[in-house]
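Only a predicted model underlies this, so the values are computations on that prediction, with no experimental measurement involved.
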Amino acid sequence: MFHLFRIRMEDRIREGDADLRYRPFGKTGLSVSALGFGCMRLPTTDGLPGSPNIDEAAATAMLRRAIDGGLNYIDTAYTYHGEMSEPFLSRALSRGYRERVMLATKNPVWMVKERADFRRFLEEQLRRLATDRLDVYMFHGLNRRRWEEVLRLGLLEEAERAVREGLVRHLGFSFHDRLASFRRIVDDYDGWTVALIQYNYMDVENQAGTEGLRHAARKGLAVAVMEPLLGGCLASPPPEIRGLFEDLGVRRAPADLALQWLWGQPEVSVVLSGMSDLRQVEENLASADRAGRDPLSPAEEELIRRVRETLEARREVPCTNCGYCLPCPSGVNIPGLFDLVNYAAMYDGLRSSRLRYRRFFPGDERADRCCGCGECETRCPQSISISEWMPRVHDMLTGEEDPGSG
Ligand SMILES: NC(=O)c1ccc[n+]([C@@H]2O[C@H](COP(=O)([O-])OP(=O)(O)OC[C@H]3O[C@@H](n4cnc5c(N)ncnc54)[C@H](OP(=O)(O)O)[C@@H]3O)[C@@H](O)[C@H]2O)c1
């Protein structure tokens with residue numbers, strides 16, 4: 001399937017088709033803009049990332065400029081901006097903007113305790129978004145555990161009912177876990193239209209990775225990409241990385257480099273960018289205008305290879321995310337925690353790791369739940385002293401905010 005798509009894309013370039021800014025949305029026959037708008041990092045009046053105090057005037061201007069510039073896919077979720085992202089969108093997408101976009105939001109699976117909750121959230125979200133239909137409804141943040149819960153509670157049946165009733169057009173899921181879980185979720189259910197994965201040139205072997213991307217595309221799913229700039233790290237890299245750009249004479253902006261790398265892959269459908277000011281909107285729209293027709297030069301390919309090598313060498317813990325340490329008898333998400341430690345070291349990103357720890361790690365997955373039993377250490381191929389690390393990890397990730405870092 002993606003082989004055919006590759007040929008089609010090459011034909012389109014040969015024939016001078018001007019609109020490579022739009023890409024097939026899986027097997028739906030729909031076209032989606034190469035650039036989508038992620039509504040998780042909107043500007044805020046208090047300057048705090050993700051806070052409920054969205055700067056509505058600035059964010060509305062950004063969103064409408066993006067749509068006027070050709071963008072037609074908006075991604076949000078029940079929980080973004082302290083549950084204020086959806087109500088904000090209802091206002092920002094008034095005056096005819098709603099009809100010009102595919103609107104995607106996500107069911108907060110971890111808040112669903114019984115089957116009826118799924119429908120309750122959906123109806124609340126339709127009201128919050130002031131719309132009578134969602135173009136895409138996703139199960140938010142699936143991993144192996146949450147997928148089993150979705151199956152156990154019969155939530156797919158509820159989701160299918162919503163499709164039959166016309167409340168939802170397409171079903172999908174966003175994903176944070178290892179490749180094996182991704183394959184399982186894709187293969188277990190034939191009703192998916194779209195998968196949303198974390199993917200960028202540093203994550204080719206992390207989470208779903210390139211293998212997961214291709215697997216989903218082969219099965220006819222549209223693949224949407226989140227964290228294309230690793231939450232901004234690839235757009236504002238540490239000085240050591242900036243030096244590599246100069247060494248190799250690469251003038252392209254780091255953000256554009258990361259985006260064009262993604263659009264060079266035909267299996268990628270829409271790249272969601274969490275833009276946080278109007279300048280970023282303009283820059284990323286300009287990048288999207290060149291999507292698929294501005295391939296990386298050999299020097300830029302070499303740069304990416306060297307960036308990977310340099311950043312990998314900055315890892316603090318030699319965890320490869322193999323998951324052999326799991327399940328932890330206390331429920332600690334060991335590879336996820338080491339990811340945060342390494343992210344802080346690789347990208348000077350301590351502040352962002354602390355934010356992620358607060359936002360995405362429920363109490364029972366945190367480092368302070370480690371009881372020191374050492375069961376994980378007997379299974380770790382890298383011989384990491386996990387139980388010694390855990391108290392340090394917790395201290396590091398719960399320390400005082402350091403505005404200077406990450
Ligand atoms: N379902 C999930 O579990 C999940 C998880 C994560 C994301 N998502 C979705 O995916 C979307 C995209 O992910 P993301 O927000 O992490 O995207 P991202 O593009 O990796 O990061 C966004 C950040 O990159 C920086 N940036 C963007 N364009 C730039 C440019 N031209 N020049 C310089 N810096 C630029 C900004 O950072 P600064 O503000 O620091 O300048 C911005 O806040 C989210 O908004 C959300 O809708 C979903």
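Arg133 contributes no side-chain N or O that, together with a main-chain N or O of Gly166, makes up a donor-acceptor pair within less than 3.5 Å. Using modelled atom types, one side-chain atom of Ser269 and one backbone atom of Pro24 make a donor-acceptor pair closer than 3.5 Å. Looking at Asn284, its side chain never comes within 3.5 Å of a backbone N or O of Leu259 through a donor-acceptor pair. Remark: side-chain polar atoms of Asp135 are paired, donor with acceptor, to backbone N or O of Leu103 under 3.5 angstrom. Side-chain atoms of Ser33 never come within 3.5 Å of backbone atoms of Gly36 as a donor-acceptor pair (strictly under, hydrogens ignored). The backbone N or O of Cys325 sits less than 3.5 Å from a side-chain atom of Arg379, completing a donor-acceptor pair. Between the side chain of Thr60 and the backbone N or O of Glu56, at least one donor-acceptor pair lies under 3.5 Å. Within the 3.5 Å criterion, the main-chain N or O of Gln207 finds no donor-acceptor partner in the side chain of Asn321. Looking at Ser174, its side chain does come within 3.5 Å of a backbone N or O of Gly141 through a donor-acceptor pair. Arg23 places a side-chain N or O within 3.5 Å of a backbone atom of Trp263 that can act as its donor or acceptor partner.
Atom CD of Glu388 has 12 or fewer neighbouring heavy atoms from other residues, nucleotides or ligands inside a 6.0 Å radius. Remark: Arg359 CZ is packed, more than 12 non-hydrogen atoms of other residues, nucleotides or ligands lying under 6.0 Å away. Environment of CZ in Arg315: crowded, with over 12 heavy atoms of neighbouring residues, nucleotides or ligands closer than 6.0 Å. The 12-atom threshold is not exceeded at CD of Glu205, counting heavy atoms of other residues, nucleotides or ligands nearer than 6.0 Å. The local environment of CD in Glu83 is crowded, with over 12 non-hydrogen atoms from other residues, nucleotides or ligands closer than 6.0 Å.
Remark: Ile54 CD1 to Cys39 SG distance equals 8.0 Å, nearest 0.5 Å. Atom CG in Leu42 sits 9.5 Å away from atom CG in Asp55 (nearest 0.5 Å). Atom CE of Met275 is separated from atom CE of Met40 by 12.5 Å, given to the nearest 0.5 angstrom. Glu149 CD to Leu142 CG: the interatomic distance, rounded to the nearest 0.5 Å, is 11.5 Å. Residue Arg161 holds its CZ atom at 8.5 Å from CG of Leu167, rounded to the nearest 0.5 Å. Taking CG of Leu340 as the start and CZ of Phe360 as the end, the distance is 10.0 Å to the nearest 0.5 Å.
Taking the ring centre of Tyr343 as origin, the terminal cationic atom of Arg356 falls inside the region bounded by 6.0 Å and 45° from the ring axis. With Tyr357 as the aromatic partner, Arg354 does not meet the cation-pi criteria of under 6.0 angstrom to the ring centre and within 45 degrees of the ring axis.
The side-chain heavy atoms of Cys233 and Met346, taken from C-beta on, include no pair separated by under 4.5 Å. Looking at Leu134 and Leu122, their side chains come closer than 4.5 Å, going by heavy atoms from C-beta outward. Counting only heavy atoms from C-beta outward, the side chains of Val317 and Gln382 never approach each other to under 4.5 Å. The closest side-chain heavy-atom distance from Asp339 to Asn206 is below 4.5 Å.
The two residues Leu153 and Val112 come nearest to each other via the heavy atoms CD1-O, 3.8 Å. Heavy atoms only, all atoms of each residue included: Ser90 and Arg128 are closest at CB-O, 3.2 Å. Nearest approach of Arg41 to His81, heavy atoms of both residues: N-NE2, 3.7 Å. For the residue pair Pro43 and Ser276, the shortest heavy atom distance occurs at CB-O, 3.7 Å.
A salt bridge is defined here as a Lys NZ or Arg NE, NH1 or NH2 lying under 4.0 Å from an Asp or Glu carboxylate O, and Arg152 with Glu148 fails to meet this definition.
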Applying salt bridge (charged side-chain N to carboxylate O under 4.0 Å, His left out) to Lys219 and Asp190, what does each step give before you reach the verdict?
CA-CA 9 Å; Lys219 292 217 144 193; Asp190 286 334; 5.6 Å; no

Passes side-chain contact (heavy atoms from CB on, under 4.5 Å), Leu196 versus Leu272? Steps please. CA-CA 9 Å; Leu196 173 57; Leu272 304 180; 3.6 Å; yes

Apply salt bridge (charged side-chain N to carboxylate O under 4.0 Å, His left out) to the pair Glu365 and Arg369, showing each step before the final yes or no.
CA-CA 7 Å; Glu365 290 185 12; Arg369 286 295 293 267; over 6 Å; no

request  = Please step through salt bridge (charged side-chain N to carboxylate O under 4.0 Å, His left out) for the pair Arg127 and Glu124, ending with a clear verdict.
outcome  = CA-CA 5 Å; Arg127 275 195 305 275; Glu124 189 183 351; 5.5 Å; no

Check step by step if salt bridge (charged side-chain N to carboxylate O under 4.0 Å, His left out) holds for Glu283 and Arg279.
CA-CA 6 Å; Glu283 284 181 8; Arg279 182 189 56 82; 2.6 Å; yes

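Taking the six-membered ring for Trp and the full ring otherwise, Phe121 and Tyr137 have centroids separated by 6.0 Å or more. Taking the centre of each ring, Tyr199 and Trp261 come in below the 6.0 Å mark.
Between Trp147 and Trp192, the angle of the ring planes lies from 30° to 60°, which puts this pair in the tilted group. Relative ring orientation between Phe182 and Phe173 is described as tilted, the plane-to-plane angle lying within the 30° to 60° band. Between His170 and Phe25, the ring planes lie perpendicular to each other; the angle is over 60°, past the 30° to 60° tilted range.
At a cut-off of 3.5 Å, with distance as the only test, no side-chain donor of Glu240 or Thr310 sits close to an acceptor on the other residue. A side-chain donor from one of Asp256 and Ser287 sits under 3.5 Å from a side-chain acceptor of the other. Using a 3.5 Å distance cut-off with no hydrogens or angles, the side chains of Thr44 and Asn53 do not pair a donor with an acceptor.
Under the side-chain contact (heavy atoms from CB on, under 4.5 Å) rule, Val101 has a single partner from Ile74, Val32, Leu89, Leu63, which is Ile74.
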